[in-house]
Amino acid sequence: MQRQLTNFKARWKKYFSSFLENPAYRVIFATINHHRLLILLNIHANLLAAAFEGTTFGSIYLALQVLQDDQVDSLLNHPIIANTFLSSFLHEFTQGQLFIGLIVLAVFMQFLRHSFEYIGAVSSDYLSARIQAQMVERIFAQIMSFTFSCASSYKVGDLVTYINQTAYTIQRQIYYIDIIFVTILTIIAQAVVLFTISPGLSGVTIIICAIALLLQKSLIPRIKRTAKQVAQVRANVYKQIVESLQALRVIHIFGRQLEARQQVHELQRHLVPKLEYQSRLSRLTKPLGNTLTLITIATLLIIGYFMLRDSAAVLPSLVTFLAVLNRLSMHLNGVTEKNNRLAENAGDFNRLREILEPEGKEFSRVGGKVFNGLKKEIKFDHISLQYSEEQKLALKDVSFVLEKGKVTALVGGSGAGKSSIADLLVGLYQPTSGVILVDGEDLNEYNMTSWRSRLGVVSQDTFIFNTTIGNNIRYGKPSATEEEVRKSAIAAQADQFIREFPQGYDTVVGERGYRLSGGQRQRIALARAILKEPEILILDEATSALDSHSEYLVQEALKEFQRDRTVLVIAHRLSTIVNADQIIVLENGEVMEQGSHEALLNQGGKYLDYWRLQSESQSSQVT
Ligand SMILES: Nc1ncnc2c1ncn2[C@@H]1O[C@H](COP(=O)(O)OP(=O)(O)OP(=O)(O)O)[C@@H](O)[C@H]1O
């Protein structure tokens, strides 16, 4: 017995600590704390609803008692009534009038009960709406606060699922908790009525109900386990579908539609038996509950008859007792059923914990020194980078200096580590060893927002938002005037094609708007960077999607723009970087050669090979 008690205590302790440690609940409590009036309204409305449920049956019990001739006088002479004004007032009525009056009173009590129940339900929905909004925002904020490397380690499909499921999961969680709370209050009110009528019979009822509940409770852990598995398999299916939808173009090009369908089919095949098992378990609770109820009522009728047969009010007592008990069992079934639904929801709810808890995640650092501009140089000091433990080093002991106002070009084959250097400079990834010194200070010490506000980045993949072209360019500087936007578009050789659209700069592009070619997207990205007037410009194959003529024009514009800026350029066409102040040749993550165009040609190494290769075939690429 002692051991069972200790086990019981330990289980509850574990349950409550896991409950309190779940960050999703912390968000819920924080939101509730902000809306105390709503929760107070909810609690009071539900308490009143429960109280009116109790008084309804009190009225019915009295009405049935009034029907018995010998009970009217004893009722009117009851001390609660006899000493009040009600005594003379009630004596005016006939037996029939008293009966009807009490039944009308019971109906009115039910009306009040349902009115308060309605207020309770609406206040709970209001709270739920606020919690849903708060939770979606919290999860989005959480994802946004991850470092880029941490966020990009998740599959987009996974992140979309987190956001997608949140509102619905929270809605169900709050709904079930509220319904269980309301029903328990109602059950308490009904229990009070039962005890008032016959404590002995109520005691017997409790014993029978406890046995019934225990039987049903053994199902819950299994339902929970299955729900978790179903949620996991569903998430896998969803992830697979989202990934295929994102890769539609590639799937069509490679004619892999059938394989994509088969992958989804394979995952679904695991889902169906799990859903069937889940159904068998959860559907069992209702027939089990109903059968147990029937057995309970029959037992109580027999025991009740023996216990109450000597009492004067045997009929009203038994009738009211059974009527209340019937409703109580209905509510008990409701609690069990909602508890099962809550257990089913646990799978989805726990998935929120996965994304919300800080363990195993990397967060962007806030604070740090404000970057007020480059004074002298940026130094890559013995930098190595390894993206993950399973991968080889992407950069190995790389050292070089980007001088203020100078153009540095990175050259090398595919996978040599050029973009990795650019990403380190932006602060998207942290070096595994070594340090990036900005005017002698570790880049990590700087406030990233102030650092990035001085950077302009144009990379190979350009994201175009589903808004106007003007707004897409303005992303680099939200306060820019139309004139400034246009100037930067001219500099990026984008103005002409933009004006050819019927709505010009107001043309909505992106998902549902006009489709832009790769070159057009790159020029918009370039205009975005130019508008920002960055002090440090990073061009990662920024003109790779342009035809030779457009590239020439953009290069000309860039020449002007690059003046007095510190530039890191990654180029595949060597002709575009011959004038760079410094060229760094990378291979397999290592610096092979370093110097000006002329110096490197004279050195007769890797750079000369690249140069010869490109000179032979002007259109061939280095990478
Ligand atoms: N986000 C990432 N996660 C894991 N590995 C990465 C990531 N980005 C790059 N790598 C790996 O790091 C190495 C260097 O890649 P990087 O993109 O820097 O090369 P690159 O010279 O820019 O190549 P390319 O010219 O083809 O763009 C490659 O082996 C690549 O697979």
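Side chains are part of it too, since the values below use all heavy atoms of this structure and drop only hydrogens, waters and symmetry mates. Read the numbers this way: they start at 1 and go in the same order the structure lists the ligands and their atoms.
A donor-acceptor contact under 3.5 angstrom links the side chains of Q594 and Q582, judged on distance only. Checked by atom type, the side-chain pair Q229/Y277 shows no donor-acceptor distance below 3.5 Å.
Within ligand 1, the atoms closer than 4.0 Å to a non-hydrogen atom of A394 are 12 (O), 13 (C), numbered from 1 in the order shown. Atoms of ligand 1 found under 4.0 Å from any heavy atom of A416, numbered from 1 in the order shown, are 19 (O), 20 (P), 21 (O). The contact set between ligand 1 and Y429, taken as ligand atoms under 4.0 Å from a residue heavy atom, comprises 1 (N).
With salt bridges taken as basic N to acidic carboxylate O contacts below 4.0 Å, one links E533 and R565. Using a cut-off of 4.0 Å between Lys/Arg side-chain N and Asp/Glu carboxylate O, D348 and R172 are scored as salt-bridged.
Considering only non-hydrogen atoms, atom 18 (O) of ligand 1 lies nearest to S420 out of A422, S388, S420. Of the options G417, S459, S152, the smallest heavy-atom separation from atom 21 (O) of ligand 1 is shown by G417. Of the listed options Q386, E587, Q391, E541, Q391 places a heavy atom closest to atom 5 (N) of ligand 1.
Distance check: S420 OG to L393 CG gives 11.0 Å after rounding to the nearest 0.5 Å.
No more than 12 heavy-atom neighbours from other residues, nucleotides or ligands sit within 6.0 angstrom of NZ on K228.
Residue contact annotation: G413 has a non-hydrogen atom under 4.0 Å from ligand 1.
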